[in-house]
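Okay, structure first, notes after.
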Amino acid sequence: MKSSPTKALHNGVDVVLNRLPVVAIVMVEGIMIYLATSVAKLAFTQLDPVLAAWYRVGFVAILLFAWRRPLSRAKRKNLPKTRRDWCIVVTAGVSVMLMNTMFYLAISNMDMGIAVSIEFLGPLAVAVLTGRGWRERVGILLAACGVVLLAGISLSNPAKHAHFMVGLVAILIDGVMWGLYIVAGRQVAQRSNPLDSLSLGMSIAWVLQSLFLAVPAVRGVVHPKPGATWARGPFGPWKLLAVLFVVAFFASFLPYIIDQFLMRRASSARFSVIQSVNPVIAVLVGLLVGEVPTWGELAGVALVIIAVIVTFSGDIRHAETE
């Protein structure tokens, strides 16, 4: 019997993600995320960051739920069975929701490079707590030095924002949520239908977020804030929604799908260390907008790259496909 186009596409994605080096996948993913994030910062001039985060989480939850249909009759048997399973699924979804919300709040009050560097402290803590092999230990040490150097240099020259401390607190919460997502997300990735579980968790998290943000977020698009420019013009709300959708698709929807495959190829520690390439990518993306790194920042970048090479040079495992 012929396989459906959707199943064939899914199998094709499995093959590609299993054969490409993990480092290459994460680098492409990071470029996609931070280019989309740069676009998101433009939307902040038209809509408050926290409200923009509601749309980002919502679009991703809707896309995942519509694609995976976790509550369909054929898939109900795969729903979490125990309280512990439900806690894991909901924790993964809520951590993603808070991670996105706090990140948007942070980058509206500090430079993206600063935020990304500090954000990694969460996953780094996971790597330190779960690392076992010598590669992970050496990689964690090198990554720690690189990230601390990047963060230290950035914090010694903070962006001149009136609410910098708000951004600092937000990005620290974001880092904790990122670490929690790695732990819970990897357990979700071990389930027979991880994307179904992730779609369910994201939907629950969005419903919880909507209790606080749905009304002001819709109002903010229908009636843009006084400082808004193009969002107040002809078709402005539709343009704003289109921008928010594109950002959500490339900064969240595709990356979270990719993460579910990567989490099945690597341990929590190795996955955490490989994510340390994100400050590197943030610096490179920053070059596109005129942010030239110092020699100290380049030294931090070099340490992170070496950490990635050391940690993953012996990793040849492939993911288990659904």
Side-chain angles (χ1 to χ4, degrees), residues 10 14 17 53-54 56-58 60-103 119-133 136 140 172-213 252-253 255-275 317-322:
H10 184 273
D14 274 353
L17 291 178
W54 180 79
R56 175 173 174 173
V57 175
V60 174
I62 292 171
L63 286 171
L64 279 173
F65 199 89
W67 173 35
R68 302 304 300 183
R69 294 183 295 172
L71 298 182
S72 64
R73 181 176 300 178
K75 293 185 175 181
R76 286 175 192 168
K77 63 179 181 297
N78 296 320
L79 290 174
K81 299 293 190 300
T82 66
R83 182 180 300 177
R84 179 179 181 276
D85 290 342
W86 275 107
C87 284
I88 292 172
V89 169
V90 173
T91 298
V94 170
S95 62
V96 168
M97 180 266 288
L98 289 174
M99 185 169 58
N100 281 277
T101 304
M102 291 297 104
F103 184 69
E119 179 188 34
F120 186 73
L121 294 178
L124 182 62
V126 174
V128 170
L129 293 173
T130 61
R132 293 293 182 270
E136 290 170 335
I140 287 168
L172 288 174
I173 296 173
D174 176 15
V176 174
M177 291 300 105
W178 193 5
L180 187 60
Y181 166 64
I182 290 174
V183 175
R186 190 163 188 271
Q187 293 186 63
V188 169
Q190 304 304 316
R191 295 175 58 87
S192 59
N193 294 281
L195 290 176
D196 293 349
S197 297
L198 182 62
S199 68
L200 191 59
M202 285 286 293
S203 298
I204 294 172
W206 188 51
V207 169
L208 294 174
Q209 187 187 34
S210 297
L211 297 176
F212 305 95
L213 298 180
S252 291
F253 179 68
Y256 293 147
I257 292 175
I258 293 171
D259 281 352
Q260 288 303 305
F261 286 92
L262 295 183
M263 286 177 178
R264 292 153 68 187
R265 285 187 65 177
S267 66
S268 294
R270 288 188 171 187
F271 182 78
S272 297
V273 174
I274 195 68
Q275 292 296 310
R317 289 178 293 174
H318 290 182
E320 298 175 6
T321 56
E322 291 186 42

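Index from 1, following the sequence. Quick caveat: nothing in here was measured; it's all calculated off a predicted structure.
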Notebook entry, point to check: Is there a side-chain contact between L71 and L200 (heavy atoms, below 4.5 Å)?
Noted result: yes
Checklist line | Minimal non-hydrogen separation, F253 against L64, with atom names | finding: CE1-CD2, 3.7 Å
Note to self: As an exercise, state the distance from CD of E119 to CH2 of W178, rounded to the nearest 0.5 Å.
What the structure shows: 5.0 Å
Next item on the list: Output the distance between atom OG (S199) and atom CD1 (I62), rounded to the nearest 0.5 Å.
Entry: 12.5 Å
Next item on the list: Only counting residues at least two apart or in another chain, list the ones meeting side-chain hydrogen bond (donor to acceptor under 3.5 Å, both in side chains) with R84.
Entry: Q187
Item checked: S252: side-chain hydrogen bond (donor to acceptor under 3.5 Å, both in side chains) partners, not counting sequence neighbours -> R56, N100
Item checked: Inter-residue atom distance M202.CE - Q209.CD, 0.5 Å rounding -> 9.0 Å
Margin query: Does any part of the side chain of I173, heavy atoms only, come nearer than 4.5 Å to the side chain of L98, both counted from C-beta?
Written below: no
Item checked: Atom pair CE (M99) and CZ (F103), whose distance is rounded to the nearest 0.5 Å -> 10.0 Å
Note to self: Quick one, W206 with F65, criterion side chain to side chain contact (heavy atoms under 4.5 Å, CB included). Give me CA distance, side-chain angles, the key distance, then yes/no.
What the structure shows: CA-CA 11 Å; W206 188 51; F65 199 89; over 6 Å; no
Check: Of the non-hydrogen atoms in S197 and V89, which two are nearest, and what is the gap between them?
Finding: O-CG1, 3.3 Å
